[in-house]
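The sequence lines fix the lettering, A, B, ..., with proteins before strands; numbering per chain opens at 1.
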Amino acid sequence: MNEAPKDFIREIIANDIKMGKYGGRVHTRFPPEPNGYLHIGHAKSILLNYGIAQDFKGKFNLRYDDTNPEKEEQEYVDAIKRDVQWLGAAWEDREFYASDYFEQLYQWAEELIKKGQAYVCDLSAEEVTAYRGTLQTPGRESPYRHRSIEENLDLLRRMRAGEFPDGSKTLRAKIDMAHPNLNMRDPVMYRIRHATHHRTGERWCIYPSYDWAHGQSDSIEGITHSICTLEFEDHRPLYDWFLDQLGIHHPQQIEFARLNLTYTVMSKRLLLQLVQEGHVRGWDDPRMPTIAALRRRGYTPEAIRDFMQRVGVTKVESIVEIEMLEHSLRQDLNKRALRRLAVLDPLRVVITNYPDDQIEEFEAINNPEDPSTGTRKVPFSKVLYIERDDFMENPPKDFYRLAPGREVRLRYAYFVKCVDVVKDAQGNALELRCTYDPATRGGDAPDGRKVKATIHWVSAQHAIEAEVRLYERLFTKPDPLDVPEGRSWKENINPNSLIVLQNCKLEPSLADAQAGDRVQFERKGYFCVDPDSTAKKVFNRTVDLKDTWAKLQRKQN
RNA sequence: UGGGGUGUGGUGCAAUGGUAGCACGUCGGCCUUUGGAGCCGAAAGUAGAGGUUCGACUCCUCUCGCCCCAGCCA
């Protein structure tokens with residue numbers, strides 16, 4: 001690494017290299033459990049681990065911590081792979097599984113027994129809890145703690161052979177039942193689970209606990225720096241103990257604070273609930289904070305990487321405002337998204353003095369931020385659609401757009417003036433009658449006349465019909481988990497988080513947009529073509545544009 | 001009341017004994033054929049009390065706040 005380290009972890013690693021630790025080698029890993037989809041919090045870990053490997057010319061592994069057959073599924077394995085790849089983290093041929101190490105782990109367990117450092121315990125789960133003591137009182141030793149090595153070996157082998165029912169026995173490390181760190185009070189290494197594992201099938205009926213598997217898995221892979229989140233800080237002494245007893249390669253564990261975001265939840269358990277109870281349409285519902293959802297919504301890996309860089313890495317538990325993520329997103333999309341004209345909530349406009357059958361084409365800029373993207377033609381005719389909220393019959397003084405008697409510019413086309421409003425019985429505007437000024441062709445007034453607003457439009461006869469899905473935050477509160485005693489966090493779900501518009505009108509150049517394509521609908525926001533698209537396209541709103549008018553209105557309310 | 005962590009503007013991060021700075025957000029203004037983008041400006045902070053020092057966000061002592069740990073989850 002050439003420049004100064006960007007965070008305290010890189011600082012530690014840079015120093016390790018200087019001191020010659022691990023021979024100057026750097027090897028990291030991302031160790032997910034395949035029991036759900038990855039979320040943006042995982043993205044922080046992935047990008048951190050992969051980024052470090054890159055910065056220090058080291059290696060990066062993907063390893064599934066698949067030690068709990070009851071919660072894990074192949075679907076999740078596949079989804080995780082897709083997401084890590086999409087984020088740009090390359091594990092090359094180093095895709096590993098803790099389950100590949102089950103035999104080695106087992107052999108090490110026998111080794112610890114032989115050294116008198118592990119024993120088979122017949123206590124029930126409840127009894128183990130009772131014997132463990134509490135935060136401020138020491139635990140008591142299990143009555144099975146002093147079985148002979150031979151008996152322990154025999155029992156463990158019979159556990160493996162399937163002689164005992166689920167939960168009837170465990171293998172435990174023999175450490176210290178009075179240790180102030182509860183993790184050191186004879187932690188469970190193996191539990192009996194007659195369950196089918198998504199990879200090992202029926203081969204095993206005893207499964208290693210995470211604590212017994214994790215450190216050794218890192219060791220086996222030659223990981224130098226085991227980066228993990230804060231809650232594992234007081235497991236570190238246990239991992240150190242296992243590694244030291246076994247006398248094997250000893251990675252250095254470094255803990256950092258996980259990412260939290262306002263207006264969302266970041267827990268696989270809670271996300272699973274949202275999916276299972278139908279509060280969202282699935283793990284990749286664009287309202288979810290999962291990587292799959294962000295991708296479907298139109299986020300870019302670049303935006304996520306930029307965001308992670310801004311957020312930094314520390315040990316301070318914090319909650320980042322979602323606005324920062326949106327800023328990274330807009331900044332990236334602004335540079336790359338092609339601009340298009342689309343009317344989401346159409347209001348019909350007839351240009352009364354425009355020739356009935358005339359059609360003109362106007363040159364429209366694809367992206368003012370990137371001239372290399374060129375221009376395209378947009379057709380114009382007598383009957384158009386404009387955005388319903390670009391018109392107000394009785395506008396307040398700070399409303400610049402169209403109103404009776406007022407003139408605005410139709411982007412790239414002409415100045416038009418509203419001369420009449422056709423209304424239904426309830427007084428809703430059905431259609432606007434406008435006149436245009438032929439001299440303003442292209443949008444410039446030769447007489448130097450100014451308009452306060454430029455609005456977008458789509459020619460009615462050329463418009464493509466589309467569905468547009470508008471997303472709001474999934475929760476109404478910055479901290480969705482902040483609920484009064486006895487109430488559910490689910491009461492904070494935003495009932496308006498999804499609004500589906502069926503009647504949207506798009507300019508014709510959007511006819512061949514493909515799923516995943518991202519565009520900016522001018523003045524409305526960034527949108528991404530959803531895979532649900534058929535002959536009729538479906539667009540997801542990725543994020544809206546900053547809108548000072550909307551903000552003004554919000555303040556007034 | 002045990003053990004492990006952690007406190008810098010509203011939010012996220014810097015400053016590693018030497019002028020507390022950056023970004024997001026907020027509020028003004030400029031500009032504008034996107035009320036976008038861009039540009040300019042403003043408000044706003046070291047949890048508290050002592051101590052060491054010419055000088056403390058930084059070192060020491062005490063106090064306070066917050067987070068994690070009593071799964072055969074990870």
* Distance-only donor-acceptor test, Arg236(A) side-chain atoms vs rG4(B) base atoms, 3.5 Å -> no
* Asked: Say you pick atom C1' in rA44(B) and the same atom in rG2(B); how far apart are they, in whole Å?
  -> 40 Å
* Would you mind classifying the nucleic acid contact of Ser328(A) as base, sugar-phosphate or nothing, using non-hydrogen atoms under 4.0 angstrom? => nothing
* Using the P atom in both, what is the distance from rA14(B) to rA47(B), to the nearest Å? -> 15 Å
* Could you let me know what rU8(B) is paired to, Watson-Crick or G-U wobble, both distances under 3.5 Å, or none if it's on its own? => none
* Asked: Say you pick atom P in rG5(B) and the same atom in rC59(B); how far apart are they, in whole Å?
  -> 16 Å
* Carboxylate-amine/guanidinium proximity below 4.0 Å for Asp547(A) and Arg523(A) -> no
* Asked: Met184(A) has an atom CE; how far is it from atom C1' of rG3(B), in whole Å?
  -> 12 Å
* Asked: To the nearest angstrom, how far is Met308(A) atom CE from rC24(B) atom P?
  -> 18 Å
* Asked: Rounding to a whole Å, what distance do you find between Asp7(A):CG and rG12(B):P?
  -> 17 Å
* rU11(B) C1' sits how many Å from Arg310(A) CZ, rounded? -> 14 Å
* Structure fact -> Taken to the nearest whole Å, OH/Tyr263(A) to P/rU11(B) is 14 Å
* Look at the aromatic rings of His235(A) and Tyr239(A) and report parallel, tilted or perpendicular, splitting at 30° and 60°. => tilted
* **Base-pairing mate for rG21(B) - Watson-Crick or G-U, with both contacts under 3.5 Å** => rC13(B)
* To do: Considering only NZ, NE, NH1 and NH2 on the basic side and carboxylate oxygens on the acidic side, decide whether Glu33(A) and Lys268(A) come within less than 4.0 Å.
  => no
* Please determine, for rC73(B), whether a Watson-Crick or G-U wobble partner exists with both distances under 3.5 Å, and give it or none. => none
* Ser318(A) side chain near rC13(B) phosphate (N/O to OP1/OP2, under 4.0 Å) -> yes
* Structure fact -> Out of rU6(B), rG10(B), rU26(B), minimum distance to the side chain of Lys315(A) belongs to rU6(B)
* Looking at the angle O4'-C1'-N9-C4 for a purine or O4'-C1'-N1-C2 for a pyrimidine, is rG25(B) syn or anti, with syn meaning within 90° of 0? -> anti
* Mark up nucleotides 65-74 of chain B, 5' to 3', with B wherever a protein heavy atom is under 4.0 angstrom from a base atom, S wherever such an atom reaches only the sugar-phosphate, and - elsewhere. => --BBBBSBSB
* Describe the nucleic acid contact of Gly312(A) in one word from base, sugar-phosphate, nothing, applying a heavy-atom distance below 4.0 Å. => nothing
* What's the CD-C1' distance between Glu233(A) and rG2(B), to the nearest Å? -> 17 Å
Enumerate all atom pairs, one protein N or O and one N or O from nucleotides 36-40 of chain B, separated by less than 3.5 Å.
| unit_1 | atom_1 | unit_2 | atom_2 | d |
| --- | --- | --- | --- | --- |
| rG36(B) | N2 | Arg339(A) | NH1 | 3.4 |
| rG36(B) | N2 | Glu369(A) | OE2 | 3.3 |
| rA37(B) | OP1 | Lys546(A) | NZ | 3.4 |
| rA37(B) | O2' | Asn334(A) | ND2 | 3.1 |
| rA37(B) | O2' | Glu369(A) | OE2 | 2.9 |

* To do: For the residue pair Thr440(A) and Arg409(A), confirm or rule out a side-chain donor-acceptor distance under 3.5 Å.
  => no
* **Arg160(A) charged N/C atom sitting above Tyr106(A) aromatic ring, 6.0 Å / 45°** => yes
* To do: For Ile322(A) and rG12(B), give me the distance from atom CD1 to atom P, rounded to whole Å.
  => 14 Å
* In the strands shown, is rC59(B) matched to any nucleotide by a Watson-Crick or G-U wobble pair with both distances under 3.5 Å, and which? -> rG51(B)
* Ring center gap for Tyr299(A) and Phe307(A) short of 6.0 angstrom -> no
* **Salt bridge Arg29(A)-Glu221(A), side-chain N to carboxylate O under 4.0 Å** => no
* **C1' spacing across the pair rC24(B) / rG9(B), given as an integer number of angstrom** => 12 Å
* **Inter-nucleotide P distance (rA49(B), rU6(B)), Å rounded** => 23 Å
* To do: Say whether Tyr207(A) and Glu70(A), considering side chains only, have a donor N or O and an acceptor N or O under 3.5 Å apart.
  => no
* Base, sugar-phosphate, or nothing for Ile319(A), non-hydrogen atoms under 4.0 angstrom? -> sugar-phosphate
* Asked: Of Ile455(A) and Lys44(A), whose closest RNA chain B nucleotide lies nearer the 5' terminus?
  -> Lys44(A)
* Span that lies between the P atom of rC13(B) and that of rG4(B), in whole angstrom -> 24 Å
* **Pair Glu323(A), Tyr263(A): side-chain N/O donor-acceptor within cut-off below 3.5 Å** => no
* Asn366(A) CG to rU34(B) C1': how many Å, rounded? -> 14 Å
* **Along RNA chain B (nearest heavy atom to each residue), the more 5'-positioned of Arg409(A) and Val311(A)** => Val311(A)
* Please work out if Arg269(A) contacts a base, only the sugar-phosphate, or nothing of the nucleic acid, heavy-atom cut-off 4.0 Å. => nothing
* Asked: Would Glu522(A) and Gln520(A) count as having a side-chain donor-acceptor pair, cut-off 3.5 Å?
  -> no
* To do: Take atom P in rU46(B) and the same atom in rU8(B), then report the distance between them in whole Å.
  => 10 Å
* Working to the nearest 0.5 Å, report the span between CG of Leu325(A) and CD1 of Ile40(A). => 4.0 Å
* Asked: Whom does rG38(B) pair with, Watson-Crick or G-U wobble, provided both distances fall under 3.5 Å?
  -> rC30(B)
* Would you mind classifying the nucleic acid contact of Glu11(A) as base, sugar-phosphate or nothing, using non-hydrogen atoms under 4.0 angstrom? => base
* Asked: NA contact type, Lys555(A), heavy-atom cut-off 4.0 Å: base, sugar-phosphate, or nothing?
  -> sugar-phosphate
* Looking at Arg157(A), Arg172(A), Met159(A), Arg158(A), which one forms a side chain to side chain contact (heavy atoms under 4.5 Å, CB included) with Val120(A)? -> Met159(A)
* Asked: Considering Watson-Crick and G-U wobble pairs with both distances under 3.5 Å, what does rG45(B) pair with?
  -> none
* Asked: Heavy atoms under 4.0 Å, any strand shown: does Tyr131(A) hit a base, just sugar-phosphate, or nothing?
  -> nothing
* Asked: Given the C1' atoms of rU11(B) and rA43(B), what is the spacing between them in whole Å?
  -> 16 Å
* To do: State whether Lys551(A) places a side-chain N or O below 4.0 Å from either non-bridging phosphate oxygen (OP1 or OP2) of rC27(B).
  => yes
